[in-house]
Amino acid sequence: MTEDIMKDTIDSIGLIAGGTRIETGARFPVANPGTGGQAGTAPDAGQAELDRAVAAAKAAFPSWSATSDEERAAACNAVADTLEAHAEELAQLITAEQGKPLGGIGSQWEMGGAVAWARYTASLSLPMEVLQNTPEGRVEMYRKPLGVVGSITPWNFPVLIAVWHILPALRSGNTVVSKPSPMTPLASLRMIELMNEVLPAGVVNSVSAADGAFNMGAAMSAHEDIAKIVFTGSCGTGQKVMQSSAETMKRLTLEMGGNDAGIVLPDADPQAIAEGLFWGAFINNGQTCAAMKRLYVHDDIHDAVCDALVAYARNIKVGEGTQEDSVLGPVQNQMQFDKLSRLVAQAKERGQVLLGGEPGEGLFYPPTIIAGMRADDPLVYEEQFGPALPIIRYSDLDDALAQANALDVGLGGSVWSSDKAAAKEVAKRMECGSVWINSHGMIQPNAPFGGVKKSGFGVEFGEEGLKEYTDIQVIFA
């Protein structure tokens, strides 16, 4: 995609309600974290634009919910086809506003995941279930769509997470109003423009707003015509969504922060697990809800694991996302960069910096590994959401598990061992929604994903995730 085409695309991205463009009259700048310049501008909407988008979704709901299961599956496959056809365009937009590299585990990879998730979601179905069929009577259970779904997405995977929200809503017969993060609105808004080329008017609508006097997320959470909010983001914001949704008794799916723990057992092979440990912690530059954010390593192999992990991490190139040899990009925004810098600076006073530890230019921060950390270090108990990994030495497994489970969040976790059966027994004792053995964060569309404790409630993906977008109706005949 040439620079001129990219500029034309960005300058024309708008909001969609009822299949037509909404003119807001105002736009806000979207930064490019890799260059320090501007990626483009996005529409700055308010209550009037939100009301129009919700009204369009509400008007489209009766006809969309009445379509057959086969028609909705075909429509979701058409969306997948459209995403695939425009994958490079959307990947370029993701890199411009989010900063991640185009190649590797970057924007093109994100688009591949979005297409795969859309296709898998299209294959799902929730048919009527017969609960009883006896001389005394027949009992049938139906899954019915809720109405208008409000989607609120974060800045780390702007297109992929939007697909996670929108496609199951469509597949189950709901209509959607989508609000991307003001940090990364461009690719998501363009995606919804493209979806509207293959979907009926009003089925998917978009709003965006700058961080300012008008809080679009709060307005969506309180809107009386939105039946459900699906939210991915921080614990604090998720709590506010829950509070503002209470009066209208909205259905909620909340996927929030994690601070995931990994536990390395003494029988693990340091060389064999080093690459998996690195990507478990540093995928998307550590800006992933289910990234490994603290690592507990048994005393017997602590030094060997540290050496192997550092040796692998030394070869990772950090750079601007359009450079072909970049493996990791910048931290996405200044607020997150400042938080990461603070946590690393505090950790350096008490631990041993094995790699990195000093900010780079702009928003670039090198992969940072710090050993000698303890439970009361902020880098351990706060979610850093960036490229820094604290390592905690342990000698007693029960103590390591107690530390891993001590926090009030529980999204994911991992166990690293040469004995999968033993690792599985440890995994069962971890207080989190997903546990991986010898990998971390490798989610897939057929496996339900969600957190426990303050990491949220409800699940995404698979049939269990699809059910989250429905109410149950039981008919006694």
Side-chain angles (χ1 to χ4, degrees), residues 10-30 39-61 64 79 90 93 97 146-155 157-159 161-167 169-170 174-197 199-233 237-238 240-241 244-245 248 250 252-253:
I10 292 174
D11 288 345
S12 65
I13 290 173
L15 305 182
I16 301 292
T20 61
R21 183 183 175 97
I22 304 177
E23 297 298 339
T24 61
R27 296 178 74 89
F28 62 91
V30 178
T41 62
D44 194 4
Q47 187 68 51
E49 290 81 11
L50 173 61
D51 289 343
R52 182 173 168 184
V54 174
K58 184 178 180 180
F61 175 71
W64 178 250
V79 168
L90 293 171
L93 287 170
E97 63 182 347
L146 301 168
V148 179
V149 171
S151 162
I152 302 175
T153 54
W155 48 258
F157 289 97
V159 167
I161 294 177
V163 167
W164 292 351
H165 290 190
I166 294 170
L167 266 292
L170 301 185
N174 300 279
T175 54
V176 178
V177 175
S178 176
K179 186 202 87 69
S181 165
M183 304 284 192
T184 55
L186 300 173
S188 303
L189 296 179
R190 176 60 180 150
M191 177 183 69
I192 291 171
E193 288 181 340
L194 294 167
M195 286 182 176
N196 272 269
E197 295 178 4
L199 292 172
V203 171
V204 178
N205 311 272
S206 58
V207 290
S208 64
D211 280 330
F214 179 70
N215 188 323
M216 181 66 77
M220 290 175 67
S221 301
H223 203 290
E224 61 182 9
D225 288 331
I226 292 180
K228 174 185 173 73
I229 292 287
V230 53
F231 167 84
T232 303
T237 304
K240 292 176 182 176
V241 168
S244 57
S245 297
T248 53
K250 284 180 175 51
L252 296 173
T253 298

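For clarity, every value in this text was computed on a predicted model and none was experimentally measured.
Closest of all the heavy-atom pairs between Val203 and Ala60 is N-CB, 4.0 Å. Summarising the geometry of Val241 relative to Phe231, their closest heavy-atom pair is CG2-CD1, 4.1 Å, with the distance given to 0.1 Å. Counting all heavy atoms, side chain and backbone alike, Ala56 lies closest to Ala17 at CB-C, 4.0 Å. In plain terms, the two heavy atoms of Ser208 and Leu15 that are nearest each other are OG-CD2, 3.5 Å. What you find for Val30 and Pro182 is that their closest heavy atoms are CG2-O, 4.5 Å. For Trp64 against Leu199, the heavy-atom pair with the smallest separation is CH2-CD2, 4.3 Å.
The side-chain hydrogen bond (donor to acceptor under 3.5 Å, both in side chains) contacts involving residues 223-233 comprise Asp51-His223, Lys58-Asp225, His165-Thr232, Lys228-Thr253, where partners must be two or more places apart or lie in separate chains.
Residues forming a ring-ring contact (aromatic ring centres under 6.0 Å, His included) with Trp164 (at least two apart in sequence, or on another chain): Trp117, Phe461. Applying the side chain to side chain contact (heavy atoms under 4.5 Å, CB included) criterion to Ser181, with sequence neighbours excluded, gives Trp155, Met183, Thr184. Scored by the side chain to side chain contact (heavy atoms under 4.5 Å, CB included) test, Ser244 finds Ser221 as partners (sequence neighbours excluded). Remark: Ala209 pairs with Asp44, Met216 by the side chain to side chain contact (heavy atoms under 4.5 Å, CB included) rule, at least two apart or across chains. Partners of Thr20 according to the side chain to side chain contact (heavy atoms under 4.5 Å, CB included) rule, which considers only residues two or more places apart in sequence or in another chain, are Arg52. When the side chain to side chain donor-acceptor pair (under 3.5 Å) test is applied to Lys240, no partner is found at least two apart in sequence or on another chain. By the side chain to side chain donor-acceptor pair (under 3.5 Å) test, Thr237 is found to be paired with Ser234, residues two or more places apart in sequence or in another chain being considered.
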Under the side chain to side chain contact (heavy atoms under 4.5 Å, CB included) criterion, do Val204 and Val79 qualify, and how do the steps go? CA-CA 11 Å; Val204 178; Val79 168; over 6 Å; no

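Side-chain contact between Gln47 and Leu50: present, with at least one pair of heavy atoms (C-beta onward) separated by less than 4.5 Å. Between Ser178 and Ile166 the shortest side-chain heavy-atom distance falls below 4.5 Å. Using a 4.5 Å heavy-atom threshold, the side chains of Pro43 and Leu189 count as touching. By the 4.5 Å heavy-atom criterion applied to side chains, Pro158 and Ser188 are counted as neighbours. In this structure, Leu90 and Leu194 have side chains that are in contact, with non-hydrogen atoms separated by less than 4.5 Å.
The closest donor-acceptor contact from the side chain of Glu97 to the backbone of Ala187 lies under 3.5 Å. Thr153 places no side-chain N or O within 3.5 Å of a backbone atom of Ile161 that could act as its donor or acceptor partner. Looking at Asn205, its side chain never comes within 3.5 Å of a backbone N or O of Val54 through a donor-acceptor pair. In this structure a side-chain-to-backbone donor-acceptor pair under 3.5 Å is present from Lys250 to Ile226.
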